[in-house]
Amino acid sequence: MITIDDNKIIMSDRTVEFDEKIMEAVDIDNKLVVVFETNRDDGFDNVYCYGYDKTELWRIQPVPKEIGGTARTPYVGVDKINGSCQVIDFFGRRFKLDILSGNILSKDIVK
C-alpha cells in the first residue's frame, strides 16, 4: 500500500520524492505508475513508470488513433484492476497499459 503526500509516494519501507505534484499512483509488479498533475496545454502524456530507485522506465505512449481517435486530454487516474494497469483520462476513457512499455492496449468508457 502507498500513500501520496503532494509530490511524495510513501510506502512502508521507503519514500520516493518527485519534482511534480502527484495526482495518483499505484505499485504494480515492483514498479510505480504515477499520474502527475499538469497545467500545461500540452500535458497530455502525464503518466510515468519508475523503479523504486526513481529510475524512469517509461512515459505513457500517445493513444493510437485506432483505439482512441484524435482527441487528447490529460490523465486523471490510475488503478490496478485484475492484475493489469489502467489509466483514466479527463474524458472518462479507461485505457489498459502494457506495464513493460507504456503502450496502450485497449480502451473502454467509465463515465
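Side chains included, hydrogens not; waters and symmetry mates left out as well; all remaining heavy atoms used. Numbers here are sequence positions counted from 1.
- No continuous path of ILVMFWY side-chain contacts below 4.5 Å connects Phe44 to Tyr48, so the two sit in separate hydrophobic clusters.
- Taking 4.5 Å as the limit, every side-chain heavy atom of Glu20 sits out of range of all side-chain heavy atoms of Asn7.
- For the pair Gly102 and Leu97, the tightest heavy-atom approach, listed with the atom from each and the gap, is O-CD2, 4.0 Å.
- Around CG of Asp13, the count of heavy atoms belonging to other residues, nucleotides or ligands within 6.0 Å exceeds 12.
- Ring geometry, Phe36 versus Phe18: the interplanar angle exceeds 60°, so the pair is classed perpendicular (tilted spans 30 to 60°).
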**Request:** Output, in order, the C-alpha distance, side-chain angles, deciding distance and verdict of side chain to side chain contact (heavy atoms under 4.5 Å, CB included) for Asn46 and Val35.
**Result:** CA-CA 6 Å; Asn46 57 323; Val35 180; 3.7 Å; yes
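- Of all non-hydrogen atoms in Gly77 and Glu24, the two that sit nearest each other are CA-OE1, 3.4 Å.
- A donor-acceptor pair under 3.5 Å is absent between the side-chain atoms of Glu56 and the main chain of Lys54, judged by distance alone.
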**Working for side chain to side chain contact (heavy atoms under 4.5 Å, CB included), residues Val63 and Phe95** = CA-CA 9 Å; Val63 179; Phe95 298 97; 3.7 Å; yes
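- Transitive grouping of hydrophobic side chains (ILVMFWY, heavy atoms separated by less than 4.5 Å) keeps Tyr50 and Val87 in distinct clusters.
- In this structure, CZ in Phe91 is found 11.0 Å from OH in Tyr75, a value given to the nearest 0.5 Å.
- Side-chain heavy atoms closer than 4.5 Å link hydrophobic residues (I, L, V, M, F, W, Y) into clusters, and following such links, possibly through other members, connects Ile67 to Phe90.
- For the atom pair CG (Asp98) and OG (Ser106), the distance works out to 11.0 Å, reported to the nearest 0.5 Å.
- Note that SG of Cys85 is 8.5 Å distant from CG of Asp79, once rounded to the nearest 0.5 Å.
- Cluster membership for Ile10 and Val34, using ILVMFWY side-chain heavy atoms within less than 4.5 angstrom, is not shared.
- Atom-to-atom distance recorded for Ile9:CD1 and Asp27:CG is 9.0 Å, nearest 0.5 angstrom.
- The shortest non-hydrogen separation linking Pro74 to Thr38 is CB-CG2, 3.8 Å.
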**From CA spacing to verdict: side chain to side chain contact (heavy atoms under 4.5 Å, CB included), Asp45, Arg72** = CA-CA 9 Å; Asp45 303 322; Arg72 296 194 71 198; 2.6 Å; yes
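- A salt bridge does not link Lys96 with Asp108: none of the charged nitrogens is closer than 4.0 Å to a carboxylate oxygen.
- If you chain together hydrophobic residues whose side chains sit under 4.5 Å apart, Ile99 and Ile104 fall into the same group.
- Annotation for Lys8: atom NZ does not count as buried by contact number, only 12 or fewer foreign heavy atoms lying within 6.0 Å.
- Across Ala25 and Ile2, no two heavy atoms sit closer than the pair O-CD1, 3.3 Å.
- Contact check for Val16 versus Tyr52: no side-chain heavy atoms found under the 4.5 Å cut-off.
- Between Cys49 and Val33, the shortest heavy-atom contact is SG-CG2, 4.2 Å.
- Defined by atom type and a distance below 3.5 Å, a donor-acceptor pair is missing between the side-chain atoms of Glu17 and Thr15.
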**Prompt:** For Met11 and Leu32, what are the C-alpha separation, side-chain angles and deciding distance, and is it a side chain to side chain contact (heavy atoms under 4.5 Å, CB included)?
**Reply:** CA-CA 11 Å; Met11 297 178 276; Leu32 296 170; 4.1 Å; yes
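- Proximity of Val78 to Val47: side-chain heavy atoms (C-beta onward) are nowhere separated by under 4.5 Å.
- Minimum interatomic distance between Asp53 and Thr55 (heavy atoms only, all atoms of both residues): OD1-OG1, 2.7 Å.
- Residues Thr73 and Arg93 meet the side-chain proximity criterion, which asks for heavy atoms closer than 4.5 Å.
- Rounded to the nearest 0.5 angstrom, Ile28 CD1 and Lys80 NZ are separated by 5.0 Å.
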